[in-house]
Amino acid sequence: MQTTSSEVLKSYIFNEPIVVDAARLQPLGPAAIFMQGTKRMPGTAITKSVVANEPGGRKREEIFVDIIEKISVTFSSSGYILTSEIDGTIQMKSYLTGNPEIRLALNEDLSIGRGGESANDYRSSYGSGAVILDDCNFHESVRLDSFDMDRTLALVPPDGEFPVMNYRMTQEFKPPFHINCLIEEAGHLKAEVILKVRAEFPSNITANTVVLEMPLPKYTTRASFELEPGVTGQRTDFKGANKKLEWDLEKFVGGVEHTLRAKLTFSQELHANIIKEAGPVSMTFTIPMYNVSRLQVKYLQIAKKSSSYNPYRWMRYVTQANSYVARI
């Protein structure tokens with residue numbers, strides 16, 4: 001016998017929750033907040049959470065909430081921040097039977113927008129909170145009755161996975177990584193690159209799948225690399241086809257600085273400023289249990305069916321690079 005019922009099939013799937021990539025959120029305009037129906041918010045899933053079963057085949061009551069932020073930063077050659085932006089989403093996946101009402105409480109000092117006069121226009125700001133979002137929009141199931149008063153969102157979660165809230169932030173924030181790059185001539189047909197990266201987040205946080213790339217002069221024929229003594233989990237490569245340096249770090253612990261030295265060999269004399277022929281340095285990474293905006297879900301309240309009803313609650317924070325670039 002075959003079945004295509006999603007509810008039946010769920011009981012046979014035991015995958016652990018994973019985080020997958022998604023397209024960048026589109027900039028949010030003022031009209032987006034008031035759009036109705038399915039046009040109000042895109043339904044693209046950013047994470048995939050799969051329920052686990054308890055012994056005996058009974059489905060476990062649980063709910064997943066993920067705060068996922070994709071950050072874009074451009075550094076000048078002297079290390080100053082030229083542009084910075086966060087595109088974020090609060091994503092929910094509910095496996096609660098009976099569709100109980102959910103209440104999410106966000107930061108009480110959250111402000112939205114940098115101007116405006118209407119208290120009901122969620123691009124307008126009240127006060128000067130520690131977390132200031134440029135704009136945001138909400139899923140159509142979200143009720144905002146008490147949002148102005150205590151920054152709580154009430155909703156009865158629909159079936160499947162959905163974004164509770166999308167938001168954008170350009171308020172100044174501390175980038176998770178600082179990149180410093182030096183490139184200079186080192187003799188006839190040679191140059192040296194010194195690339196330093198420091199993690200500016202706490203030491204109890206670890207980034208993973210960190211990759212740095214740097215285009216080299218088109219006449220580069222060879223690159224030899226020198227890593228710090230004793231380091232593990234790092235890999236270097238020179239992509240000869242597109243003349244690009246690549247540096248992969250499996251893990252990057254907060255507060256630590258890593259250095260890569262690369263000796264370049266060229267096929268011709270330098271006829272221009274070598275700095276103009278190389279770079280910029282671009283970086284990709286994922287930082288679990290960390291978010292740059294400081295937006296938080298303070299508590300997740302589920303309407304009780306009985307005194308013994310206490311579903312599992314899973315809260316995850318993820319920061320990823322969208323466009324993280326340092327000019328040389």
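Keep in mind that this is a model prediction, so the values were computed, not measured.
Qualifying salt bridge (Lys or Arg N to Asp or Glu O under 4.0 Å) partners for Glu213, counting only residues two or more places apart in sequence or in other chains: Lys244. For Arg313, the side chain to side chain donor-acceptor pair (under 3.5 Å) partners two or more places apart in sequence, or in a different chain, are Asn310. Applying the side chain to side chain donor-acceptor pair (under 3.5 Å) test to Thr265 and every residue at least two apart in sequence or in another chain returns nothing. Not a single side chain to side chain donor-acceptor pair (under 3.5 Å) links Asn99 to another residue, sequence neighbours left out. The side-chain contact (heavy atoms from CB on, under 4.5 Å) search around Ala262 returns Val193, Phe225, Leu245, Leu264, not counting sequence neighbours. Take Glu228 and apply the side chain to side chain donor-acceptor pair (under 3.5 Å) test, not counting sequence neighbours, and it matches His258. Shown here are the salt bridge (Lys or Arg N to Asp or Glu O under 4.0 Å) partners of Arg235, two or more places apart in sequence or in another chain: Glu246, Asp248. Contacts of Lys196 classified as salt bridge (Lys or Arg N to Asp or Glu O under 4.0 Å), with partners at least two apart in sequence or in another chain: none. Not counting sequence neighbours, the partners of Pro158 by the side-chain contact (heavy atoms from CB on, under 4.5 Å) test are His139, Ser141, Phe162.
Inspection of the Thr221 and Ser267 side chains reveals no N or O donor paired with an N or O acceptor under 3.5 Å. Using a 3.5 Å distance cut-off with no hydrogens or angles, the side chains of Glu172 and Ser84 do not pair a donor with an acceptor.
A heavy-atom distance below 4.5 Å is not found between the side chains of Met214 and Ile179.
Applying the under-4.5 Å side-chain rule to Ile, Leu, Val, Met, Phe, Trp and Tyr, the cluster around Ile194 extends to Leu182.
Ring pair Phe285/Tyr324: centre-to-centre distance below 6.0 Å.
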May I have the list of side-chain donor-acceptor pairs in residues 288-304 shorter than 3.5 Å, sequence neighbours left out?
{"unit_1": "Asn291", "atom_1": "ND2", "unit_2": "Leu295", "atom_2": "O", "d": "2.6"}
{"unit_1": "Ser293", "atom_1": "OG", "unit_2": "Glu69", "atom_2": "OE2", "d": "2.4"}
{"unit_1": "Ser293", "atom_1": "OG", "unit_2": "Leu295", "atom_2": "N", "d": "3.1"}
{"unit_1": "Arg294", "atom_1": "NH2", "unit_2": "Ala130", "atom_2": "O", "d": "2.5"}
{"unit_1": "Gln296", "atom_1": "OE1", "unit_2": "Lys298", "atom_2": "NZ", "d": "3.0"}

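When atom types are taken as modelled, the side chain of Glu61 and the backbone of Thr97 share a donor-acceptor pair closer than 3.5 angstrom.
Applying the salt bridge (charged side-chain N to carboxylate O under 4.0 Å, His left out) definition to pairs two or more places apart or across chains, those involving residues 252-265 are Glu192-Arg261, Glu192-Lys263.
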